[in-house]
S.K.: 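One structure coming up, written as structure tokens, with questions to follow.
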Amino acid sequence: MAGERRYEGKAKVMLATEAGDRLWMRFKDDATALDGQKKATIAGKGALNAKITAVLMGLVAAGGVPTHLRRQVDEVTLEVDALEMMGVEVVLRNVLAGSLARRLGREEGQVLPMPVIEFYLKDDSLHDPMLAEDHVLALGLASREELAEMRRLTGRVNEILKAALLAHGITLVDFKLEFGRRGQTVVLGDEISPDTCRLWDTKTGEKLDKDRFRRDLGGLEQAYQEVASRLERA
Ligand code: ADP
Ligand code: UDP
């Protein structure tokens with residue numbers, strides 16, 4: 001039934017629509033970290049993430065990446081194609097930070113000589129374990145062709161967003177994508193927002209992303225607003 005909750009996650013609610021092949025993706029004001037152990041509600045976050053996702057998905061779509069986005073319905077809701085999700089999180093890193101810096105015992109901030117792509121199993125109860133590409137294949141999460149396509153599209157998303165954000169004085173440090181299938185086509189789903197990207201002010205290094213919440217730095221809403229305002233300047 002239209003309006004029925006298909007799925008409620010940590011950051012979004014997925015709602016059924018009249019058209020069975022579409023969903024409404026409603027962004028919540030909830031912020032979570034540490035696999036949901038740390039929680040808060042930040043007024044305005046849902047609307048900012050919906051807006052930023054709409055702009056960034058629009059940019060990658062214009063650059064030839066198939067995406068699930070159809071239209072923005074209201075402040076916090078995007079209409080998307082219902083995809084059969086791969087169950088994999090694809091992370092691309094331009095700069096060493098976060099879990100990679102921790103795992104390797106390195107300082108954050110080293111620019112990587114090439115973009116690094118990693119795969120993770122989307123499963124909070126297992127803390128999203130990292131997967132080798134062979135695991136993705138052996139677990140049947142994606143075919144060889146789909147894996148290659150996810151890598152290619154992730155690289156393309158990076159080229160497009162890195163350049164677009166840099167033009168607004170923002171360094172794209174790393175980001176996470178989720179892909180799904182629409183028929184035979186590998187399509188970019190989910191969101192692209194400061195919840196799922198690390199965004200640093202290029203001049204000052206100031207964090208304009210969810211690390212403000214993860215690391216108790218405060219000013220999350222203002223940081224997301226800053227990203228949205230800069231993107232609006234186009
Ligand atoms: P989480 O499950 O990580 O807590 P969210 O709160 O972000 O996630 O909920 C969104 C859910 O919807 C995720 O499980 C995501 O994989 C899924 N999803 C995103 N886009 C689509 C789509 N186009 N079709 C079907 N499912 C989607
Ligand atoms: N990320 C995400 N969801 C996850 C894990 C990571 O959106 O479940 C994003 C995160 O915001 C960052 C990038 O993926 O932009 C790389 O995250 P990392 O592996 O460094 O993990 P973290 O330290 O952020 O948990």
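Heads up: numbering here begins at 1 and tracks the sequence. Here the structure is a predicted model, which means the values were calculated and not measured. Atoms within each ligand, like the ligands themselves, are counted from 1 in listed order.
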S.K.: Ignoring hydrogens, just give me the one of Leu83, Val88, Leu188 whose non-hydrogen atom is nearest atom 24 (N) of ligand 1.
M.R.: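 The nearest heavy atom belongs to Leu83.
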
S.K.: Is the shortest side-chain heavy-atom distance between Gln72 and Thr77 below 4.5 Å?
M.R.: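 No. Closest side-chain heavy atoms not under 4.5 Å.
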
S.K.: Within a distance under 4.0 Å of any heavy atom of His68, pick out the atoms of ligand 1 and give their elements.
M.R.: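 Reading through ligand 1 atom by atom, the close ones are 20 (N), 22 (C), 23 (N).
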
S.K.: For atom 26 (N) of ligand 1, what's the nearest protein heavy-atom neighbour? Residue, atom name and distance, please.
M.R.: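 The answer is Met85 CG, 3.5 Å.
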
S.K.: For atom 9 (O) of ligand 1, grab the closest protein heavy atom and report residue, atom and distance to one decimal in Å.
M.R.: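 Ranked first by proximity to atom 9 (O) of ligand 1 is Tyr7 CE2, 3.5 Å.
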
S.K.: Which protein heavy atom lies closest to atom 25 (O) of ligand 2, and at what distance to 0.1 Å?
M.R.: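 Going by distance alone, atom 25 (O) of ligand 2 is nearest to Arg102 NH2, 4.2 Å.
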
S.K.: Backbone N or O of Asp190 within a donor-acceptor pair of the His68 side chain at under 3.5 Å?
M.R.: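 Yes, the answer is positive, given that a donor and an acceptor are paired below the 3.5 Å cut-off.
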
S.K.: What atoms in ligand 1 come closer than 4.0 Å to a heavy atom of Leu23?
M.R.: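 Under 4.0 Å from Leu23, ligand 1 has these atoms: 24 (N), 25 (C).
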
S.K.: Would you indicate whether Lys162, at its atom NZ, is surrounded by more than 12 heavy atoms from other residues, nucleotides or ligands within a distance under 6.0 Å?
M.R.: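 No - once you tally the heavy atoms of other residues, nucleotides and ligands closer than 6.0 Å, there are 12 at most.
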
S.K.: What residue and atom, counting heavy atoms only, is the protein's closest point to atom 15 (O) of ligand 2, and at what distance?
M.R.: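 Protein heavy atom with the smallest distance to atom 15 (O) of ligand 2: Asp174 OD1, 2.6 Å.
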
S.K.: List ligand 1 atoms under 4.0 Å from Ala82, heavy atoms only on the residue side.
M.R.: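 Those atoms are 24 (N).
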
S.K.: What protein heavy atom sits nearest atom 11 (O) of ligand 2, and how far off is it?
M.R.: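 That would be Arg214 NH2, 2.8 Å.
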
S.K.: For atom 9 (C) of ligand 2, what's the nearest protein heavy-atom neighbour? Residue, atom name and distance, please.
M.R.: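 Atom 9 (C) of ligand 2 sits closest to the protein heavy atom Lys176 CB, 3.5 Å.
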
S.K.: Please check: side-chain N/O of Lys38 versus main-chain N/O of Arg214, any donor-acceptor pairing under 3.5 Å?
M.R.: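 Yes.
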
S.K.: Enumerate the atoms of ligand 2 whose separation from the nearest heavy atom of Gly98 is less than 4.0 angstrom.
M.R.: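 Those atoms are 20 (O), 23 (O).
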
S.K.: State whether the side chain of Arg26 and the backbone N or O of Val76 hold a donor-acceptor pair below 3.5 Å, judged by distance alone.
M.R.: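 Side chain of Arg26 to backbone of Val76: no pair is present.
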
S.K.: If the cut-off is 4.0 Å to any non-hydrogen atom of Gly9, which atoms of ligand 1 fall inside it?
M.R.: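 Ligand 1 atoms under the 4.0 Å threshold to Gly9: 4 (O), 5 (P), 6 (O), 9 (O).
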
S.K.: Below 4.0 Å from ligand 1: does a non-hydrogen atom of Gly180 turn up there or not?
M.R.: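 Contact absent.
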
S.K.: For ligand 2, indicate whether the residue Arg93 contacts it via side chain, backbone, both or neither (heavy-atom separation under 4.0 Å).
M.R.: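 Looking at Arg93 and ligand 2, just side chain atoms fall under 4.0 Å.
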
S.K.: Nearest protein heavy-atom contact for atom 22 (P) of ligand 2: which residue, which atom, what distance?
M.R.: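 Its nearest protein heavy-atom neighbour is Arg198 NH2, 3.6 Å.
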
S.K.: Counting only heavy atoms not in Glu75, do more than 12 fall under 6.0 Å of its CD?
M.R.: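 It does not: Glu75 CD has 12 such atoms or fewer within range.
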
S.K.: With distance as the sole criterion, is a donor-acceptor pair present between the side chains of Asp195 and Ser193 under 3.5 Å?
M.R.: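 No donor-acceptor contact under 3.5 Å links the two side chains.
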
S.K.: Is the shortest N/O to N/O distance between Ala11 and ligand 1 below 3.5 Å?
M.R.: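 There is such a contact, yes.
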
S.K.: Any nitrogen or oxygen of Asp124, side chain or backbone, less than 3.5 Å from one on ligand 1?
M.R.: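 Min N/O separation from ligand 1 is not below 3.5 Å for Asp124.
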
S.K.: Tell me, which protein residue and heavy-atom name are nearest atom 4 (O) of ligand 1, and how many Å apart are they?
M.R.: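 The closest one turns out to be Lys10 N, 2.7 Å.
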
S.K.: Could you list which atoms of ligand 2 come closer than 4.0 Å to a heavy atom of Asp128?
M.R.: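 Atoms satisfying the 4.0 Å criterion: 8 (O).
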
S.K.: Under 4.5 Å between any side-chain heavy atoms of Ile192 and Cys197, yes or no?
M.R.: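 In short, these two side chains touch, coming nearer than 4.5 Å.
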
S.K.: Output yes when a side-chain donor or acceptor of Arg230 lies under 3.5 Å from a complementary backbone atom of Gly169, and no otherwise.
M.R.: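 Answer holds: yes.
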
S.K.: Quick one: look up the protein heavy atom nearest atom 19 (O) of ligand 2 and list residue, atom name and how far away it is.
M.R.: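 Heavy-atom neighbour on the protein nearest atom 19 (O) of ligand 2: Ser99 OG, 2.6 Å.
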
S.K.: Heavy atom to atom 21 (C) of ligand 1, shortest distance: which of Glu84, Met25, Arg6, Met14 holds it?
M.R.: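 Result: the heavy atom closest to atom 21 (C) of ligand 1 is in Met14.
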
S.K.: Check each atom of ligand 1 against the heavy atoms of Glu178 and keep those under 4.0 Å away; list them by number with element.
M.R.: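 Result: 15 (C), 16 (O).
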
S.K.: Any donor-acceptor pair under 3.5 Å linking the side-chain atoms of Glu226 with those of Tyr224?
M.R.: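 Distance-only check fails for Tyr224 and Glu226.
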
S.K.: What's the verdict on salt bridge (Lys or Arg N to Asp or Glu O under 4.0 Å) for Asp81 and Arg182, showing C-alpha distance, side-chain angles and the deciding distance?
M.R.: CA-CA 8 Å; Asp81 291 329; Arg182 188 175 57 201; 2.6 Å; yes

S.K.: Which ligand 2 atoms, with their elements, are less than 4.0 angstrom from a heavy-atom of Val91?
M.R.: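 Counting atoms of ligand 2 from 1, those under 4.0 Å from Val91 are 14 (O), 16 (C).
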
S.K.: May I ask you to check whether Ser99 and Arg93 show a side-chain donor-acceptor distance below 3.5 Å?
M.R.: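 On atom types as modelled, these side chains qualify, holding a pair under 3.5 Å.
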
S.K.: Do Asn158 and Phe175 pass the side-chain contact (heavy atoms from CB on, under 4.5 Å) test, and can you show the C-alpha distance, the side-chain angles, and the key distance before you say yes or no?
M.R.: CA-CA 9 Å; Asn158 187 46; Phe175 59 88; 3.4 Å; yes

S.K.: What protein heavy atom sits nearest atom 20 (N) of ligand 1, and how far off is it?
M.R.: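 Minimum-distance protein heavy atom for atom 20 (N) of ligand 1 reads Asp190 N, 3.1 Å.
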
S.K.: Contact between Glu89 and ligand 2, counting heavy atoms under 4.0 Å?
M.R.: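 True for this residue.
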
S.K.: If you count heavy atoms of other groups shown closer than 6.0 angstrom to CZ of Arg144, is the number above 12?
M.R.: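 No - once you tally the heavy atoms of other residues, nucleotides and ligands closer than 6.0 Å, there are 12 at most.
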
S.K.: Would you please determine whether Asp35 falls within less than 4.0 Å of ligand 2 on a heavy-atom basis?
M.R.: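 Outside the 4.0 Å threshold, so no.
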
S.K.: If the threshold is 4.0 Å, N to carboxylate O, is there a salt bridge linking Arg198 and Asp211?
M.R.: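 Answer for the salt bridge query: yes.
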
S.K.: Do side-chain atoms of Thr32 reach the backbone of Lys10 as a donor and acceptor pair under 3.5 angstrom?
M.R.: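 No.
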
S.K.: Tell me the protein heavy atom at minimum distance from atom 3 (O) of ligand 1, and give that distance in Å.
M.R.: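 Here the nearest protein heavy atom works out to Lys122 NZ, 2.7 Å.
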
S.K.: I'd like to check which ligand 1 atoms, numbered from 1 as shown, lie under 4.0 Å from a non-hydrogen atom of Val80.
M.R.: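 Here the atoms of ligand 1 in question are 23 (N).
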
S.K.: Could you check whether any side-chain N or O of Thr202 sits under 3.5 Å from a backbone N or O of Thr171, counting only pairs where one atom can act as donor and the other as acceptor?
M.R.: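 Here the side-chain-to-backbone pair exists.
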
S.K.: For ligand 2, indicate whether the residue Cys197 contacts it via side chain, backbone, both or neither (heavy-atom separation under 4.0 Å).
M.R.: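 Looking at Cys197 and ligand 2, just backbone atoms fall under 4.0 Å.
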
S.K.: Any side-chain to backbone donor/acceptor pair from Glu232 onto Ser229? Under 3.5 Å, distance only.
M.R.: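 No; zero donor-acceptor contacts below 3.5 Å.
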
S.K.: Which residue supplies the protein heavy atom nearest to atom 7 (O) of ligand 1, what is that atom called, and how far is it?
M.R.: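 Ranking protein heavy atoms by distance from atom 7 (O) of ligand 1, first comes Lys12 NZ, 2.5 Å.
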
S.K.: With heavy atoms of Asp195 as the reference, note each atom of ligand 2 found under 4.0 Å away.
M.R.: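 Atoms satisfying the 4.0 Å criterion: 7 (O), 11 (O).
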
